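Report on one structure; see the data block that follows.
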Amino acid sequence: MKTTLILFLGIFIFSWANAQVLSPTNKSVLKAGVATKAIGQETIKLEDIDEWLCPSRLERGDKEFGGNGPKVKSEVKLRLANNGTEIWAEITFSAVETVQDFSTTSGKWSKKVFDVPYGKKITAINSDMASRTQFISPAAGFQFLLPGQDVANAFHTFLDGVDIEKKIFEMHGIKREDRAALKTLINTAINHGNTVIKVPATEGTLVKFFHVVGDTGGDDISNDDNCNDDTRIVKIEFFPVTVTYQIK
């Protein structure tokens, strides 16, 4: 009888010990010696592209827009690089005169906009990864939205008939019907004697504002590395971006 009890007790202790090792609540035992990889989401701020980017390729016509536009298009797309430790922006830009001889230029650039902290990598970008805009640049020195001007019609003409996506208004904290607030989305400044037009994206909530020189009043298309007094991107501002991090 005593031998039977001892044997039964031994079996019970052995079974209980194994259950503790295999228990799903005892994860430290199950994962002993195995590296864990924590995953979490975080909102980050990309570096704004605060440098002049001017195309220097004449694709058509002469080098002068002559106050006829140009029609400007620009797009920015993000990509992960260097095994998820960097974010780069791929930028395209074009400017086309709106009448004969349709002077045209375009350019592409790649700029790093974020370095991931040591020990981490980004596995996914969860917010919009691209934005684009377009507009018809008025002649150099213009004043956008003159007093008494109909805001909706002015926007429609300026953006060449393209509507701004609803989610972009939401990111700016503006309602479409708020005409007074709409005026804050497009304005101008002077940069080295040229009129810089600040415009929002029309699609995608990656870019907050594009700052662009369209018409300059002189020869507009650069033929060298000096962007002064040429059509150009002056600055690109980004909205915050949400990413998924993983511990390396």
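Because only heavy atoms are used, hydrogens play no part in the values below, and waters and symmetry mates are left out as well, while side chains stay in. Index from 1, following the sequence. Treat the numbers as computed from the prediction; the structure is a model and nothing was measured.
Of the inter-residue distances, the one linking S222 atom OG with R232 atom CZ reads 10.0 Å to the nearest 0.5 angstrom. Distance check, rounded to the nearest 0.5 Å: OG of S94 to CD of E75 gives 10.5 Å. In this structure, the separation between OG1 on T188 and CG on N194 is 12.5 Å, given to the nearest 0.5 Å. For the atom pair OG1 of T105 and CG of D220, the computed distance is 10.5 Å after rounding to the nearest 0.5 Å. Distance CD1/I91 to NZ/K77: 13.0 Å, rounded to 0.5 Å.
Cluster annotation: L185 and I236 are assigned to the same hydrophobic cluster (Ile/Leu/Val/Met/Phe/Trp/Tyr, side-chain heavy-atom contacts under 4.5 Å, transitive). M129 and L206 fall within a single hydrophobic cluster, where Ile, Leu, Val, Met, Phe, Trp and Tyr are joined by side-chain heavy atoms under 4.5 Å apart, directly or via other members. Cluster annotation: F239 is not connected to V76 through the hydrophobic network of ILVMFWY side chains, with a link wherever side-chain heavy atoms come within less than 4.5 Å. Following chains of ILVMFWY side-chain contacts shorter than 4.5 Å, one can reach V212 starting from W109, so the two form part of one hydrophobic cluster. In the hydrophobic clustering of this structure, I233 groups with V72; members are Ile, Leu, Val, Met, Phe, Trp, Tyr whose side-chain heavy atoms approach within less than 4.5 Å, directly or through other members.
T123 places no side-chain N or O within donor-acceptor distance of the main-chain N or O of Q246, the cut-off being under 3.5 Å. For the pair S56 (side chain) and N223 (backbone), a donor-acceptor distance under 3.5 Å is absent. Judged by distance alone, with hydrogens and angles left aside, the side-chain atoms of T104 form a donor-acceptor pair with the main-chain N or O of F102 at under 3.5 Å. Looking only at distances, a side-chain donor or acceptor of N226 sits under 3.5 Å from a matching main-chain atom of N228. Between the side chain of S131 and the backbone N or O of V207, at least one donor-acceptor pair lies under 3.5 Å.
Connectivity analysis of hydrophobic side chains (ILVMFWY, heavy atoms under 4.5 Å, direct or indirect) links F65 to L58, I221. Cluster partners of Y118, using a side-chain heavy-atom cutoff of under 4.5 Å among ILVMFWY residues and allowing indirect links: none.
L53 has its side chain out of reach of F93: every pair of non-hydrogen atoms, C-beta onward, lies at least 4.5 Å apart. Here the side chains of D62 and D101 are in contact, with some heavy-atom distance below 4.5 Å. Between I197 and F158 there is a side-chain heavy-atom pair separated by less than 4.5 Å. In this structure, the side chains of V213 and V234 come closer than 4.5 Å at one or more pairs of heavy atoms. Using a 4.5 Å cut-off on side-chain heavy atoms (C-beta onward), P70 and T98 make no contact. I186 places a side-chain heavy atom less than 4.5 Å from the side chain of F155. For the pair I174/T184, a side-chain contact is recorded, criterion being any heavy-atom separation below 4.5 Å from C-beta on. At least one side-chain heavy atom of T195 sits under 4.5 Å from a side-chain heavy atom of I190.
Partner N126 forms a side chain to side chain donor-acceptor pair (under 3.5 Å) with one of T244, T242, T43 and no other, that one being T244.
Looking at every heavy atom in both residues, A201 comes nearest to I168 through O-CD1, 3.3 Å.
Counted within 6.0 Å of NZ on K108, heavy atoms from surrounding residues, nucleotides or ligands total 12 or fewer; the atom is thus considered open.
The salt bridge (charged side-chain N to carboxylate O under 4.0 Å, His left out) search around K71 returns D160, not counting sequence neighbours. With sequence neighbours excluded, the residues forming a side chain to side chain contact (heavy atoms under 4.5 Å, CB included) with V113 are L46, I49, L78, I87, A89, F238, listed by chain and number. The side chain to side chain donor-acceptor pair (under 3.5 Å) test applied to D163 returns no partner, not counting sequence neighbours. Partners of K175 according to the salt bridge (charged side-chain N to carboxylate O under 4.0 Å, His left out) rule, which considers only residues two or more places apart in sequence or in another chain, do not exist here. Applying the salt bridge (charged side-chain N to carboxylate O under 4.0 Å, His left out) criterion to R60, with sequence neighbours excluded, gives no partner residue. Listed by chain and number, the residues in a side chain to side chain contact (heavy atoms under 4.5 Å, CB included) with A81 are R79, E86, W88 (sequence neighbours excluded).
Pairs engaging residues 119-128 under the salt bridge (Lys or Arg N to Asp or Glu O under 4.0 Å) rule: E42-K120, D128-K167 [sequence neighbours left out]. The disulfide (SG to SG under 2.5 Å) contacts involving residues 43-92 comprise C54-C227, where partners must be two or more places apart or lie in separate chains. The salt bridge (Lys or Arg N to Asp or Glu O under 4.0 Å) contacts involving residues 186-214 comprise R132-E203, where partners must be two or more places apart or lie in separate chains. Among residue pairs with one or both ends in residues 192-230, those qualifying as ring pair (Phe, Tyr, Trp, His ring centres under 6.0 Å) are W52-H192, H172-F209; sequence neighbours excluded.
In this structure, a donor-acceptor pair under 3.5 Å is present between the side chains of S110 and E90. A side-chain N or O of E97 and one of S103 form a donor-acceptor pair less than 3.5 Å apart.
Remark: K111 engages E51 in a salt bridge, criterion side-chain N to carboxylate O under 4.0 Å.
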